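Worksheet: one structure, shown below.
These numbers were taken from a predicted model, which means no experiment stands behind them. In what follows, residues are counted from 1 in the order of the sequence shown. Remember, it's 1-based here, ligands and their atoms both numbered in the order they're listed.
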Amino acid sequence: MTAPEHIFPTGQPQAEAPCADSRPVAAIGIFESKYIHSSLAPWCLAAGIRQWAPQLRAAVCESTVNRPVEELAQKLIALQPAVIGICCYIWNMPQVEALLPLLKTALPQTPIVLGGPEVSWRTAQVLEALPQADYVISGEGEEPFARLCAALANGKLSTDIPGVCSRMRPDAPPHLPCGEWPSPYCDEYFSALDGRIAYLETSRGCPFSCAFCLSGRCGSVRFLPLERAKAELLALANSGTQTVKLVDRTFNCDRRRADELWRFIADEYGKRIPTGVRFHFEIGGDLLDEENLAVLAAMPKGSIQLEIGLQSFFEPTLEAIRRKTDTERLCRNIRTLLAAGNIHVHIDLIAGLPLETPQQFAKSFDTAYALGAHQLQLGFLKLLHGAALRETAAENGFLYTDAPPYEITATRWYGAAALERLHRTEDALERLYNSGRFTLTLEYLLRITGLRPYALFDGVGEALHGTDTQSLSLDAYTAAVYGYFCTLPGVDAAALRDVMVCDRLATNRTGRLPTCLQIQDPAGLKAAAKTLPPAPANTRRGLAVLYTQNRIVWADYTDAACDPITGRWMLRDMPFTQGETP
Ligand code: SF4
């Protein structure tokens, strides 16, 4: 197998070493959202070149949206390619638009081909808006891109390749093949991966058709043969990455196939799969049956993570977005998964959906929160090009940003001010709940104040309105929320301090307390420390006196004491009374 060349994503453009391979180059460029991500798309296109246009040499050039656009331009130009392909997503479109003129100026004769979900469903509009783009691929890109590159490298102007749109044929229908797709994994891919998150695709398409999503528009679901899926899974697990993220849209839409792959991971974990590697799956929570749940309950602790989209618990909203959900079964299944304690569970809600008012959203939020998942992600509706919901913007009163990511700013049911306020609630949710750093604090506050979870996070968001919370250090943020929490009815500042101390010791291996939680009592602390069993050799210990409970609490920061699901260190405690000497 001939590997594509890879141009490294960071650092200054390098002078290219002379290449013995004299084949014309099909260069594929992508701006990743962050360095840690490594999209499969350019490697899939390179695999297409290997399969359908082996007379060409594919070269993948990666950069990120945070690097100067010129950097990727120079890498692509240095290759003097016969054709350039650019992968387009909602996260990188501004960079792509800035890149195109640079490429066209330097290489006026080189055809530029765009592809990816951000352009695939509006090809004519893209060709009109971006004069430097010569072609846009609609649908799956591997075969159309390769056949187009082959034709262009031969000097042919190609207009009749399925899925290839040009100014002569701007609306060609999407290429939606039905067979297996070529494997993107090759030696060059693995050397470029460099420990980043690895992606694996064992199925394409989704059997559902939620109105905000594009995945249901890609034809019927296709599955890789299980043997290939297992081989690729093993290869990625041994690539040096810590996380293998499956991009299958609904991994468990075939229940028995999902069991087979989960069992395979369980059987191989610690053998051909290194311990510590995590596999992340997006699943339909209400699709899990008893057999699935039994398989999942037997997974090695920390080996897999599940992401489950709830989106809403409001039935009319679910109906409006064409999302059939058995919400009772969904909740039951999530509770069962969490009770087993071996899997990190992440659930998602979307704000700004049709018919959902702020009051309804707060109810959905509280229902979701009560499930007790490790993460609750609050996303805002995005009206993607090609998604059915985008067509209903007028009737739903959707206002959204013109530029990607086309995020909702108001709906008929959710006003602009309320949605803006919800962003602050989401910020509080991220820092307090999803960070996992304030678990006991939140439990205490909800119990003592009687507030509903939504009201609590909303209150924090409003209390910190005007503060740039993203720039606050953890200590400064802790001080800010501690001050606010002390004003809530029923909260005892000293008792709250003790609970926050426990959270801090469980989540920070320095064992150091922020100033706002420190009590100057060196003699008490010294006496308390003497009462403890010795710490394991070469182990840092964090300890504190809980004055309202007359207890001493401590954590020994060993890897073994850290829960792989929550990332929290085990706390131990024992009675301790001030003034006591051991
Ligand atoms: S949101 Fe999920 S279930 Fe719905 S169509 Fe998209 S991928 Fe499929």
Interatomic distance, Leu337 atom CG to Asn342 atom CG [nearest 0.5 angstrom] | 8.5 Å
From atom 4 (Fe) of ligand 1, how many protein N/O/S atoms are found at a distance short of 2.8 Å?
-> 1
Ligand 1 atoms nearer than 4.0 angstrom to some heavy atom of Phe212 are 1 (S)
Here the side chain to side chain donor-acceptor pair (under 3.5 Å) pairs for residues 205-218, sequence neighbours left out, are Ser215-Arg249
May I ask you to check if Arg390 and Tyr406 form a cation-pi contact, with NZ or CZ under 6.0 angstrom from the six-membered ring centre and within 45° of the axis?
-> yes
Ring-face cation contact, Phe208 with Arg323, 6.0 Å cut, 45° max = no
Pair Arg147 + Asp160: basic N to acidic O under 4.0 Å = no
Yes or no on ring pair (Phe, Tyr, Trp, His ring centres under 6.0 Å) for Trp262 and Phe251, after CA distance, side-chain angles and deciding distance?
-> CA-CA 11 Å; Trp262 285 329; Phe251 177 76; 5.5 Å; yes
